[in-house]
Amino acid sequence: MLSPDQRTVAMEMLRPPAGYRIDQAVLTTYTLDLDVLLALPLAVLAHSDRGVDELVEQPLLLLEALREAGERLNVFVDEAGIAVPHTNRALYALLEECVHPVRAPGGGAFHPKVWIVRFVDEDDQALIRVAVSSRNLTFDRSWDIALTSEGAPEGRKKVRESVALADLLGAVPGFAVRALPAGVPDVLEGLAVEVARTEFPAPDKCEDPVAYQALGLSGETRRGWKPDYVGTNLLAVAPFVNRTGLDELVAVRGERTLISRREALDELPETVLEEWDSVMVLSEAAMDEPEDGTSTRPSDIHAKMIAVEHGRKVSWFVGSANLTAAAMSGRNVEVVASFTGPRGNEGSGKGFGIERFRESGFLNLCEPYQRVEKTKEDESLAAARGRLEEARDTLVRSDLRVRCAADGEAWRWVLDGELAMPPEVSAHVWPVSIGEDQARALALPLEWPLPLSRLTAFVAVRLSVDADVDDIRLVLKLPAEGMPAGRAAQVLRTLIDSSERLLQFLRALLGGLDGLVDWMTDDGNGAWQSEWAAGLGGETLLEDLVRTASRDPERLESVRRLIDDLRSTEEGRRIVPDDLYEIWRTVDAAVSARSKRLKNEEENPK
Amino acid sequence: MFVAIEKNRTGDELVTATLSWIDLTATDRDKVRRVLSLFNEQGTVDELGLGSLRDAFSDALFPGTSVLHTRLRYFLFIPWIYREIESWGGGYDVAYEARRLEMRLIEALAGSEDTAGIIGIQARESLGQLASTAYWAALVRWGIFLAGGNQGWYHTHFDSLVRRQNEVPRADDPGVVWTREPTWHPRLPEAPVGFPDEASFALTGEEADFVLGRIQERCRGTLLAWLAQEGAGSLADSFGEEPAALRAGGSIAETVELARRFSLHVEGAPLLYNLLLAEMRHDVQPGDADAALIERYRGELAEWAEREEAEAPFDTTPLWSFVARQGGRLVHPQQRFVEAWSERGSAIGARHVVDDDFLRRLIASRERQLKGQRARVANRGRLLDWGGRVGVGRMSFRWPNVRRLLMDLHAGLGR
């Protein structure tokens, strides 16, 4: 029961089960790292087990994966939650259609971390997988949990336990800060209808399905949310806690255990913790192992869960809600999933009781919390931080936009709009597709000359004050006018800048996306590697094309797209020499003729 | 985006609802697992960042091995499981089927006479890290898994690898570029009848010969290969005292000696570190427990100093050449730390280390450099939570695990 070495990999959540493919994925998050989004489709399509950091360094791979998967992905993120990426990639432009900033109607944060993925099989039968997690779409390493389940929509009747999830999907388009791309609201509505009719089974041996709850959808604040049961014995885990949140839980009789972060517990008045029988934190030895050269950000508790025992059963509540007033009162949008199961017997290894959780070994990684007197923070620092946060809120709500205009070969990228920033806060901005060293002080309008491939709707902002507090850095996605079509093709062109590169990429592409991943990330250990290492010249290209055409004609689709895109620009035509193009056209024509013939034979058997 | 049809052998539905800890990528998950296994090793938590040096020695002496290894016959169990799945042809969910077979193996071993070291005996179905994961790198290193990729890669390419093994070269593919390398070593002995529902840790003579052959082929010139050949059914508790090891000549003996000397030389550092913590905490919160700890560490340092002074002064040059030969990275802060420890220690004499200001400051700044705000020397809360003894102990270089593997090997060779 939640033993620490029993772990799921989030990327694998998107992997279709046997016989299915991805149709749509809707992800919600509080904070977002654009590189994670770039890597997601790739990790899924390439069936790759490699670290995301390696994959993200391969722009050609990303481009291919994004083009295949991009239109099936929709990510809803808090309007102030997009992080400034570490690198400036032209590829972020391709994410613009998938990323939708939203605002919580209650005035707090849009906080839910829910992944809803719709798969379909050959007969177009749908399967829906839902993961409710405590994890945002960032590279942060921390102790997070997820409750995953999947089911098929059935019949016409709504499933009571799933309705809240459908409500979330129905409400989210209304939270969007700007108009959503055409088609997105319909996708969400369709998904909502199906989710409402889907039962999501709970883990083994639990009778009832997983019940979902969505908080903060209407924007009204109400009495604090509580777990449904007043039972005996309680376990609560959350990285952020405050008095209001904790007080809601102490109605439970019996033993109460709290696991949180040191920093959060230090802020609480001592009396609050007296209500808890056992208060623990993660041992530092369980956080990152000390390694020279790595930044020592510890991977601390981030999971948010509550377990309440009642009789022979126990109910678990898992999700995005911290034990704070904002989370539980409806100021934030949160999603919590719950299920009820048997407590299980001692030592049996089965069951979901708090004792089973203790036996599983996670508590060995924890130690009792010992309060340490903190020096009070300098008030002026707190005030400075407050000013920064106010400035960020003003910024996020102001009316800014991007305009693009052609200027000969290059383009003018202009940031314009209405903005009233407080004077003590200085703001610098730059388009994410260029380096931070080119940031300029925010004074509207601002203009940069950019090549077409670098035009973007994502703008990075750095806010600072004259005090010893960290800058606030975030990315805004702004409405953009005058964006030219064909940016993807242009980005591709900048990545394939010579015939050699083209040929290499083509050869790897013919091995399929997973071949591509291996080719680009291989460290020379695989024995099969030799097939690509030898003869990267064009002489064998015809052979490869023909072999692929006969055995795996679907793979040629990516090649077709690549060549078409390149040939659509003048420089691209120089990279795809005419003779290569002729070879391609011959193969392509043969393949389409064959498939037409096969189709004919299928339809008119002799 | 289509996926090859995968099916479960008996047509069961694959389990769909789970509650578990979640990492973003497989690499992150592996990092956490490494942290966890170090954590479980108790006293060998690497407080001063010398772990990579210790690992360099462990890898040079006993390549491919790991602290997770328990019994030798897993080097055969895992290939037998995968060969079984390969024999079904393609189209199966390999990870799922392999896991099921490993579960059956656990049951079989639990019913056998010799149950020491069964991986997964407690956790069973909820086992996070399977035996195959723990042994995979070794299977590659010893040349038992020939296709050479990691386990995830193998699962992904399983079907095409199986196909390639069965492919007859076609007339229209002159000079076919596929290298038809088998996945598992061609001379791997057959699985016994009844596997995996009947199994034990006792290797047959043929199996032991096979493993010995692999070690000799791939780990030539290492202490592991030497002891596989020359060792006996019973081995000493420390390889420094094992007679068979002492008979090894040449570069093996040099490596053993360097490992022994290095381990002794730096043993004082965590002792001084713990003494420092005891003194700091005693200043803040005077108490008998910490006073006793101070005495104890002073005693241990004195005893260490005696052993250290009986040796020639430690020369760091062979250490760095060794690391470079092993292909390891020379990490500057680590290198500076070891050099400083060594130089100063030689200059003042080991018995004066305990009271030396320079070395005490060196240890403190090393911890700060590694752990930042979480360093116990800088963080009152962490200091108060200190359990009294961390990171202390002579490096064993995985000998307890290797010893068990070798004893299994010799038992098999004797059959």
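Below, all heavy atoms of this structure are taken into account, side chains as well, without hydrogens, waters or symmetry copies.
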Report the residues that fulfil ring-ring contact (aromatic ring centres under 6.0 Å, His included) with Phe119(A), sequence neighbours left out, ordered by chain and then residue number.
none

Sequence neighbours excluded, the answer for ring-ring contact (aromatic ring centres under 6.0 Å, His included) partners of Trp143(A) is Phe362(A), Trp21(B)

Quick check for you: among [options], which has the greatest number of heavy-atom pairs under 4.5 Å with chain B?
options	value
Gly151(A), Ala337(A), Ala146(A), Pro203(A)	Ala146(A)
Met305(A), Arg135(A), Glu367(A)	Arg135(A)
Asp144(A), Val132(A), Thr138(A), Leu147(A)	Asp144(A)

Arg366(B)/Glu47(B) ion pair, N-O < 4.0 Å:
no

Salt bridge flag under 4.0 Å for residues Arg336(B) and Glu339(B):
no

Of the backbone (N, CA, C, O) and the side chain (C-beta and beyond), which part of [X] lies under 4.5 Å from a heavy atom of chain B, both, or neither?
X	result
Val318(A)	side chain
Phe339(A)	side chain
Ala303(A)	side chain
Arg371(A)	neither
Ser360(A)	neither
Met13(A)	neither

For Trp316(A) and Phe352(A), I'd like to know if the aromatic rings sit close, meaning centre-to-centre distance below 6.0 Å.
no

Do any N or O atoms from the side chain of Ser134(A) and from the backbone of Gly319(A) form a donor-acceptor pair under 3.5 angstrom?
no

4.5 Å side-chain heavy-atom contact, Val392(B) and Asn274(B)
yes

